[in-house]
K.L.:
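I am attaching a structure below and will ask some questions about it afterwards.
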Amino acid sequence: MSLTENDDTKKDFHHTDLYASIPQACLPIVYHPDYNITFMGLEKLHPFDSGKWGKVIHFLKEEQFITNGKIVEAREATEEDLQVVHTKRYLNRLKWSLVVATITEIPPVMFLPNFLVQRKVLRPLRTQTGGTIMAGKLAVDRGWAINVGGGFHHCSSDRGGGFCAYADITLAIKFLFERVEGISRATIIDLDAHQGNGHERDFLDDKRVFIMDMYNRYIYPGDGYAKRAIRRKVELDWGTEDSEYLQKVELHSEGALNEVRPDIIVYNAGTDILDGDPLGGLSISPQGIVKRDEIVFKAAKRRGIPLLMVTSGGYQKETARIIADSILNLHRLGLIGTEEVEGEGSSALVTHMIRSSGSAGSTLTSV
């Protein structure tokens, strides 16, 4: 099922709390403690660090970049919110624990009563999904926004997979198209190590959405049908390192934004490109990830295009620290935050770290 331009008819929209006004004092950084999945240790059966989102916030607080009062508290997406994209049939299937166990790749989940699965597994994912939708509106209002969670790019309107149960990227874009005046074109820059086949299937026939996807060509999901939606496809080899990777990020993100000027950029910033990630198969250093995010934010800011960032995949303990370091670097450079900060020193430092750092590179699937 694809979401075509024909869907963009004017109608009476359902009431949603996800577009409620946000105090100006808040930074457009969206998070809720409910993002984190903990339940009798079952979450440890998947390599995904299901508590990484809270760790990112912890590090940002530790660096005195953010306080509780400055964070935008995410709200859970309701059934009506989800139905903007998802079929009723798909949402009903999530009421079967076996289906959720298959999507999350945690087999013991199939033996749990579904009310527990809803509360302990799906509610956190619905809250992250609500966070992405909220961050989409915030990005338009403030010029940028970061959902510390989200990025479930393997889920489409009628099927989930790879730990992705809700299509938050598709939802955020559809909400903007339907509810925000002047937002009629979007570009997705997907730099997670895996192909973003969920949003690709959703926007297969929708000319309003330009998709750039840069991923390891040899790993999950290998969805040839979905690849037809990619307008700028960059397929990487095992063990790709910083120098080649960053060159391609800059070349293709600039190229994508020069080819079509969108009203909003959705940046899927997976950290599973990190060297040693058990699922990503690439060899990018922590400094390389920080520099990658800087390149994308700079490209957006130069053009004055609002940018929504989601954090997506990342399967090592270091990823939370790297995400926090990247956000701090973006702030130092004046790419996010309220103050314009001269950032050449920081940028030069990151470049030096990249040049001086070395690099080195499954059957499981992933966000």
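These numbers come from a predicted model, not from an experiment.
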K.L.:
Mind listing the closest non-hydrogen atom pair of L125 and V121 along with its distance?
P.N.:
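The answer is CG-O, 3.3 Å.
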K.L.:
Supply the atom-to-atom distance F152 CZ to I103 CD1, rounded to the nearest 0.5 angstrom.
P.N.:
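Going from the CZ atom of F152 to the CD1 atom of I103 covers 12.0 Å.
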K.L.:
For Y215 and E235: C-alpha separation, side-chain torsions, deciding distance, then whether side-chain contact (heavy atoms from CB on, under 4.5 Å) applies.
P.N.:
CA-CA 5 Å; Y215 54 88; E235 296 192 320; 2.6 Å; yes
K.L.:
Could you state the interatomic distance from CZ (F163) to NE2 (H153), rounded to the nearest 0.5 Å?
P.N.:
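Spacing of CZ (F163) from NE2 (H153) equals 12.5 Å.
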K.L.:
Do N147 and Y35 have side-chain N/O donor and acceptor atoms under 3.5 Å apart?
P.N.:
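Side-chain D/A pair, N147 to Y35: present.
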K.L.:
Under 3.5 Å, side chain of R75 to main-chain N/O of D17, donor-acceptor pair present?
P.N.:
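The answer is yes, because a donor-acceptor pair under 3.5 Å joins these two groups.
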K.L.:
Quick one, L330 and W144 - any side-chain contact, counting heavy atoms below 4.5 Å?
P.N.:
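Answer no - side chains too far apart.
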K.L.:
I'd like to check V56 versus Y31 (side-chain heavy atoms, cut-off strictly below 4.5 Å). Are they in contact?
P.N.:
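No, side chains not in contact.
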K.L.:
Less than 4.5 Å apart, any side-chain heavy atom of R231 and any of V260?
P.N.:
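With C-beta onward as the side chain, the pair touches.
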K.L.:
Where do I133 and K137 land on the side-chain contact (heavy atoms from CB on, under 4.5 Å) test, with the steps shown first?
P.N.:
CA-CA 7 Å; I133 296 167; K137 178 66 162 54; over 6 Å; no
K.L.:
So, E79 side chain and K88 main chain: donor-acceptor pair closer than 3.5 Å or not?
P.N.:
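Looks like no, no N/O pair under 3.5 Å.
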K.L.:
In this structure, which one of K248, R232, R303 forms a salt bridge (charged side-chain N to carboxylate O under 4.0 Å, His left out) with E254?
P.N.:
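Checked K248, R232, R303 against E254; only one passes salt bridge (charged side-chain N to carboxylate O under 4.0 Å, His left out): R303.
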K.L.:
Report the C-alpha separation of I146 and L27 in whole Å, then their side-chain angles, then the decisive distance to 0.1 Å, and conclude whether the side-chain contact (heavy atoms from CB on, under 4.5 Å) test is met.
P.N.:
CA-CA 9 Å; I146 297 171; L27 281 171; over 6 Å; no
K.L.:
Are Y315 and F59 co-members of a hydrophobic cluster defined by side-chain heavy atoms under 4.5 Å apart?
P.N.:
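No, separate clusters.
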K.L.:
Between D213 and K233, does a salt bridge (Lys or Arg N to Asp or Glu O under 4.0 Å) hold up when you go through it step by step?
P.N.:
CA-CA 5 Å; D213 200 351; K233 179 171 62 178; over 6 Å; no
K.L.:
Are S285 and D242 linked by a side-chain donor-acceptor pair shorter than 3.5 Å?
P.N.:
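There is such a pair between these side chains.
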K.L.:
Checking salt bridge (Lys or Arg N to Asp or Glu O under 4.0 Å) for the pair R201/D223: CA distance, chi angles, key distance, verdict?
P.N.:
CA-CA 9 Å; R201 283 176 170 265; D223 190 336; 2.7 Å; yes
K.L.:
In Å and rounded to the nearest 0.5 Å, what is the NZ to CZ distance from K70 to F65?
P.N.:
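Reported value, rounded in 0.5 Å steps: 10.0 Å.
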K.L.:
Which atom pair, heavy atoms only, marks the closest approach of A300 to I265?
P.N.:
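Reported closest heavy-atom pair: CB-CD1, 3.6 Å.
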K.L.:
Taking N92 for its side chain and R89 for its backbone only, find out whether a donor-acceptor pair lies under 3.5 Å.
P.N.:
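Looks like no, no N/O pair under 3.5 Å.
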K.L.:
Distance from Y218 atom OH to L236 atom CG, nearest 0.5 Å?
P.N.:
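CG of L236 is found 10.5 Å from OH of Y218.
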K.L.:
Whether the side chain of T311 engages the backbone of A269 through a donor-acceptor N/O pair (distance < 3.5 Å, no angle test) should be reported.
P.N.:
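Flag not set: sc T311 to bb A269 has no pair under 3.5 Å.
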K.L.:
If you take all heavy atoms of A77 and T129, which pair is closest and at what distance?
P.N.:
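Distance-wise, the nearest heavy atoms are CB-CG2, 4.3 Å.
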K.L.:
Okay, side chain of Q128, backbone of G151: is any donor-acceptor separation there less than 3.5 Å?
P.N.:
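Checking the backbone N and O of G151 against the side chain of Q128, no donor-acceptor pair under 3.5 Å is found.
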K.L.:
Is there a donor-acceptor contact under 3.5 Å from the side chain of R185 to the main chain of R261?
P.N.:
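Yes: the side chain of R185 pairs with the backbone of R261.
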K.L.:
Using the salt bridge (Lys or Arg N to Asp or Glu O under 4.0 Å) rule, take R321 and E63 through it: C-alpha gap first, then chi angles, then the decisive distance, then the call.
P.N.:
CA-CA 11 Å; R321 179 77 250 183; E63 298 290 340; 3.5 Å; yes
K.L.:
Verify side-chain contact (heavy atoms from CB on, under 4.5 Å) between I22 and M134, making sure each step is shown before the conclusion.
P.N.:
CA-CA 10 Å; I22 301 296; M134 293 169 69; 4.3 Å; yes
K.L.:
Look only at the side chain of T132 and the backbone of I169, and say whether a donor-acceptor pair between them is shorter than 3.5 Å.
P.N.:
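Between the backbone of I169 and the side chain of T132 there is no qualifying donor-acceptor contact (under 3.5 Å).
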K.L.:
Provide the closest heavy-atom pair for C155 versus A167 in the form atom of the first, atom of the second, distance.
P.N.:
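Closest heavy-atom pair between C155 and A167: O-CB, 3.3 Å.
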K.L.:
Could you check whether any side-chain heavy atom of K55 comes within less than 4.5 Å of a side-chain heavy atom of I323, counting everything from C-beta outward?
P.N.:
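With C-beta onward as the side chain, the pair stays apart.
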K.L.:
For residues F175 and D81, determine if any side-chain heavy atom of one lies less than 4.5 Å from a side-chain heavy atom of the other.
P.N.:
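Yes, close enough: below the 4.5 Å cut-off.
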K.L.:
Between D192 (side chain) and S312 (backbone), is there a donor-acceptor pair under 3.5 Å?
P.N.:
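Judged by distance alone, no pair lies under 3.5 Å.
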K.L.:
Examine the side chains of N68 and K61 and answer whether a donor and an acceptor come within less than 3.5 Å of each other.
P.N.:
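Side-chain D/A pair, N68 to K61: present.
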K.L.:
Is it true that atom CD of Q247 has more than 12 heavy atoms of other residues, nucleotides or ligands lying nearer than 6.0 Å?
P.N.:
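Check fails, neighbour count at 12 or below.
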K.L.:
So, taking the atom named NE2 in H86 and the one named OG1 in T170, what distance separates them when rounded to the nearest 0.5 Å?
P.N.:
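Nearest 0.5 Å value for the NE2-OG1 distance: 7.5 Å.
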K.L.:
Can you see which heavy atom on C26 is nearest to which on V72, and at what distance?
P.N.:
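Nearest heavy atoms, C26 then V72: CB-CG2, 3.8 Å.
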K.L.:
Do any N or O atoms from the side chain of D141 and from the backbone of L138 form a donor-acceptor pair under 3.5 angstrom?
P.N.:
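Absent.
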K.L.:
When clusters are formed by joining ILVMFWY residues with side-chain heavy atoms under 4.5 Å apart, either directly or through shared neighbours, do L98 and L94 land in the same one?
P.N.:
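No: no chain of side-chain contacts under 4.5 Å links L98 to L94.
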K.L.:
What closest approach, in Å, do R179 and F13 show between heavy atoms, and which atom pair accounts for it?
P.N.:
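In this case the closest contact between R179 and F13 is NH2-CB, 3.3 Å.
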K.L.:
How many angstroms lie between OG1 in T104 and CE in M110, if you round to the nearest 0.5 Å?
P.N.:
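Separation between the atoms: 9.5 Å.
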K.L.:
Answer with yes or no whether the hydrophobic clustering places V100 together with W96; edges join I, L, V, M, F, W, Y residues whose side-chain heavy atoms lie under 4.5 Å apart.
P.N.:
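Cluster IDs for V100 and W96 match.
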K.L.:
Side chains of S326 and E294, heavy atoms from C-beta outward: is any pair under 4.5 Å?
P.N.:
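Of all side-chain heavy-atom pairs linking E294 with S326, none is under 4.5 Å.
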K.L.:
Less than 4.5 Å apart, any side-chain heavy atom of I264 and any of V140?
P.N.:
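Yes, close enough: below the 4.5 Å cut-off.
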K.L.:
Between P124 and D34, is there a side-chain heavy-atom distance shorter than 4.5 Å?
P.N.:
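Counting from C-beta outward, D34 and P124 never come under 4.5 Å.
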K.L.:
Treating K301 as the side-chain partner and G334 as the backbone partner, does any N or O pair qualify as donor plus acceptor under 3.5 Å?
P.N.:
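Here the side-chain-to-backbone pair exists.
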